[in-house]
Amino acid sequence: LTFRKEIDPDLLDELEEAMVMADMGVGTVQHLFDRLRSDVKRNELKDPQALRQRIKSYLKDMLTVTDTVSLEEKIGAASPPFVILVVGVNGVGKTTTIAKMAHLFKEQGKKVLIAAADTFRAAAIDQLQQWGKRLDIPVISHQPGSDPSAVAFDAIEAGRSRKMDIVIVDTAGRLHTQKNLMEELKKIRRVMGRKLSEAPHETILVLDATTGQNAVSQARLFMEATDVTGIVLTKLDGTAKGGIAAAVVHEMKIPIYFIGIGEKMTDLRSFNAEEFVNALFE
Amino acid sequence: TLGNRLNKVFKKLKGYGKLSEEQIQEGMREVRLALLEADVNYKVVKDFVAGIKKRALGQEVMDSLTPGQQVVKIVHDELVALLGSSNQQIDLAGRQPAVIVLVGLQGSGKTTTAGKLARWLRKKGRKPFLVPADVYRPAAIEQLKTLAKQLDIPVFPSETSMQPPEIARQAVAQAGMSNLDTVIIDTAGRLHIDSELMDELRAIKEAVSPQEILLVADAMTGQDAVNIAEAFDRELSITGVVLTKLDGDARGGAALSIQSVTGKPVKLVGIGEKLDAIEPFHPDRIANRILG
Ligand SMILES: Nc1nc2c(ncn2[C@@H]2O[C@H](COP(=O)(O)OP(=O)(O)OP(=O)(O)O)[C@@H](O)[C@H]2O)c(=O)[nH]1
Ligand SMILES: Nc1nc2c(ncn2[C@@H]2O[C@H](COP(=O)(O)OP(=O)(O)OP(=O)(O)O)[C@@H](O)[C@H]2O)c(=O)[nH]1
Ligand SMILES: [Mg+2]
Ligand SMILES: [Mg+2]
């Protein structure tokens with residue numbers, strides 16, 4: 001973005017274009033820039049630097065959920081096993097993210113167990129079993145085609161009897177618009193709750209950074225069906241900026257815990273709103 | 001809908017039946033917003049609106065009693081014209097066995113599409129051979145082998161120790177010897193900015209001279225669709241696109257973005273997870289979807 005001495009309409013247009021191209025979403029960008037234009041009118045912003053700082057601070061606010069307890073603290077405060085359910089639409093990176101989180105928790109000295117509750121997709125169980133071998137972490141699985149609720153139930157039981165700290169449950173990708181699949185998810189949660197009343201302690205929605213405004217629809221419907229408590233935003237190692245995360249966090253008030261930046265087990269980072277916002281401007 | 005929003009803009013007609021240029025401009029703004037909301041890329045939207053402005057300022061809108069409808073019609077016609085502009089058939093002519101390579105970003109639906117395509121082509125009388133050339137993702141080879149088994153379609157016995165270009169070469173040779181006439185190669189998901197992996201695709205292309213290199217793209221892709229498509233097309237000269245997960249509620253503006261930067265046609269769409277969930281691309285259907 002060019003060097004200018006003062007804030008002219010062209011600069012605002014240029015920044016607006018950049019934000020739309022970062023997938024922030026037309027509605028969000030319009031709303032944001034209406035605020036900025038009135039800030040400029042009231043002479044609150046002296047120069048392009050001030051304007052940029054103002055945009056960044058508005059965006060940081062959108063991406064931050066106040067009074068949010070970190071995942072680490074939640075895990076520490078609960079009595080084990082701490083059960084995490086991972087959900088999201090097809091292909092966003094749920095299974096790989098579970099491998100990454102399991103690796104992270106293991107590095108932190110936690111005992112982790114994974115449930116292969118995607119009993120539908122071809123070789124989904126194999127995929128997690130191969131990850132389990134690489135990570136040296138136990139994977140609970142049944143036969144392909146079996147009831148995912150039963151796998152989740154068994155995994156929590158195994159988590160208890162083997163004194164695991166954390167149980168992470170993988171689910172099949174599903175479009176948020178498929179009512180029967182969203183009902184299946186509700187059933188999985190109910191059955192988990194029957195085995196352990198607090199389970200799942202955490203329900204993480206995985207979103208793909210290359211997704212456009214459909215991410216908002218995904219977040220809304222998954223929230224409706226399963227009370228999502230946290231987000232992981234994947235594939236930020238590509239050229240997509242994931243700007244739609246701002247609208248999702250702002251509307252749903254769900255914190256982003258991690259970002260995925262690659263395909264290896266170590267490619268997971270804690271979410272940092274400031275770094276994320278700076279990257280939107282690159 | 002766009003129609004309702006345009007009617008609001010144009011209803012200040014006050015009975016004289018002639019619109020002002022300013023009203024047309026405001027109408028174009030509504031068109032821009034509608035396309036951006038559908039995830040069409042910002043720059044593609046600008047070009048698109050510039051492209052229809054002449055017609056929008058012409059007699060058919062200015063003199064119309066229903067100018068809003070006229071503008072929607074112009075937008076719709078132009079979308080269909082762009083999206084349906086080139087050959088959408090799967091090209092299997094030339095050297096046999098015919099070879100199709102599926103490429104694209106991680107998780108877009110390549111492996112599933114390979115299975116669907118094999119089943120679809122067999123229904124059309126071809127003898128497909130599925131080739132797993134993703135040696136990186138855990139259980140990727142198993143995934144395609146499982147689909148092949150479900151369909152009772154022969155599959156090349158790839159191993160993760162093999163190199164993808166070599167898998168491709170051996171598979172085409174084997175197809176020739178087994179009288180299978182259509183080789184479908186599934187490749188690993190990759191970022192368009194990963195030069196090593198893009199080189200691997202070029203090596204596969206060089207090894208087997210495919211008739212079709214299809215970019216498999218997710219219908220919910222946002223603004224980044226232009227970057228992805230432009231890079232894959234520049235590096236490989238793709239021959240077409242498969243747009244997946246259209247059974248969701250994504251508006252699918254990526255279709256226009258991709259067509260606009262590559263000029264290559266969407267040939268097929270994925271409309272579900274089952275292996276029969278594939279069909280030819282219908283420009284008018286996606287045009288309606290983009291317009292909301
Ligand atoms: N570049 C990149 N690729 C990723 C990232 N996370 C996951 N992937 C890749 O995305 C693809 C899909 O990942 P999966 O973990 O199978 O996705 P999923 O959501 O479990 O998919 P389904 O179970 O089929 O719905 C794989 O090729 C992963 O390696 C990431 O952060 N960056
Ligand atoms: N609903 C729906 N799901 C689809 C469609 N096509 C593929 N999928 C699902 O999307 C997910 C990813 O599909 P894959 O075929 O594994 O994707 P991929 O491109 O091979 O993934 P990588 O090899 O990791 O890059 C799976 O859960 C598929 O079942 C479609 O048209 N509709
Ligand atoms: Mg999975
Ligand atoms: Mg694959």
Side-chain angles (χ1 to χ4, degrees), chain A residues 16-27 29-30 89-96 99 120-134 144 172-178 181 208-215 217-218 221 234-235 237-244 262-263, chain B residues 32-43 45-46 105-112 115 136-147 149-150 188-194 217-228 231 244-245 247-254 272-273 275:
Chain A
E16 198 166 14
E17 171 177 331
M19 294 296 103
V20 170
M21 304 245 295
D23 271 318
M24 280 196 53
V26 138
V29 173
Q30 278 193 312
V89 303
N90 308 73
V92 293
K94 298 177 291 302
T95 305
T96 310
F120 170 73
R121 204 208 69 213
I125 297 169
D126 294 76
Q127 185 183 5
L128 253 191
Q129 283 173 334
Q130 288 195 18
W131 272 116
K133 281 211 200 80
R134 284 189 200 183
R174 67 202 66 223
L175 293 183
H176 48 300
T177 45
Q178 286 159 330
L181 295 183
D208 186 328
T210 63
T211 304
Q213 291 157 94
N214 196 246
S217 173
Q218 293 175 25
L221 293 184
T234 62
K235 308 182 195 172
D237 47 319
T239 50
K241 305 267 174 151
I244 201 67
E263 305 190 67
Chain B
R32 250 201 320 279
L33 287 177
L35 293 175
L36 286 175
E37 283 172 6
D39 283 326
V40 181
N41 179 270
Y42 191 96
K43 298 210 161 88
V45 171
K46 254 189 170 173
L105 250 56
Q106 291 90 345
S108 62
K110 297 173 293 299
T111 305
T112 311
Y136 311 106
R137 169 175 152 156
I141 295 175
E142 285 89 319
Q143 187 182 355
L144 191 58
K145 282 184 175 171
T146 300
L147 297 182
K149 186 147 174 263
Q150 285 174 10
R190 67 203 64 215
L191 295 178
H192 48 298
I193 50 173
D194 186 327
D218 197 321
M220 58 186 182
T221 309
Q223 298 287 306
D224 203 40
V226 295
N227 301 322
I228 300 164
T244 62
K245 308 178 201 172
D247 45 318
D249 62 350
R251 297 276 291 279
E273 291 195 75
L275 294 173

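Computed from a prediction, not measured in an experiment: that's the story for all the values here. Naming: A, B, ... by sequence-line order, numbering from 1 per chain.
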Side chain to side chain contact (heavy atoms under 4.5 Å, CB included) between B:E273 and A:L175, intermediate numbers included: CA-CA 10 Å; B:E273 291 195 75; A:L175 293 183; over 6 Å; no

Top contributor to chain A interface from B:G107, B:P138, B:A231 [non-hydrogen pairs under 4.5 Å]: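 Ranked by contacts with chain A, first place is B:P138.
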
Leading residue by heavy atom contact count with chain A [cutoff under 4.5 Å; candidates B:D247, B:L147, B:N41]: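 Of the options given, most contacts go to B:D247.
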
Structural part of A:Q218 lying under 4.5 Å from a heavy atom of chain B: side chain

Which heavy atom of [X] sits nearest to which heavy atom of [Y], and what is that distance?
X      : Y      : result
B:A139 : A:D126 : CB-CB, 3.6 Å
A:T239 : B:I193 : CG2-CG2, 3.8 Å
B:M220 : A:N90  : CE-O, 4.4 Å

Results of side-chain hydrogen bond (donor to acceptor under 3.5 Å, both in side chains) for A:S217 - residues two or more places apart only: A:H176, B:D249

Audit row: B:Q143, A:Q127, side-chain hydrogen bond (donor to acceptor under 3.5 Å, both in side chains) steps and yes/no: CA-CA 9 Å; B:Q143 187 182 355; A:Q127 185 183 5; over 6 Å; no

B:E142 versus A:Q130, side-chain donor and acceptor atoms under 3.5 Å: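 Their side chains do contain a donor-acceptor pair, which is all the 3.5 Å distance test asks for.
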
A:Q213 and B:E37 side chains, donor-acceptor separation under 3.5 Å: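 No.
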
A:E17: side-chain contact (heavy atoms from CB on, under 4.5 Å) partners, not counting sequence neighbours: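 A:M21, B:Y42, B:K43, B:K46.
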
B:R137 CZ to A:T96 OG1 distance, which is reported to the nearest 0.5 Å: 6.5 Å

Point-to-point distance, once rounded to the nearest 0.5 Å, from CG of B:L191 to NZ of A:K235: 9.5 Å

Side chain B:D224, main chain A:T210, donor-acceptor under 3.5 Å: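 Looks like no, no N/O pair under 3.5 Å.
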
Region of B:L105 in contact with chain A, defined by heavy-atom distances below 4.5 Å: side chain

Winner by heavy-atom pair count (cut-off under 4.5 Å) against chain B, out of A:D237, A:T234, A:N214: A:N214

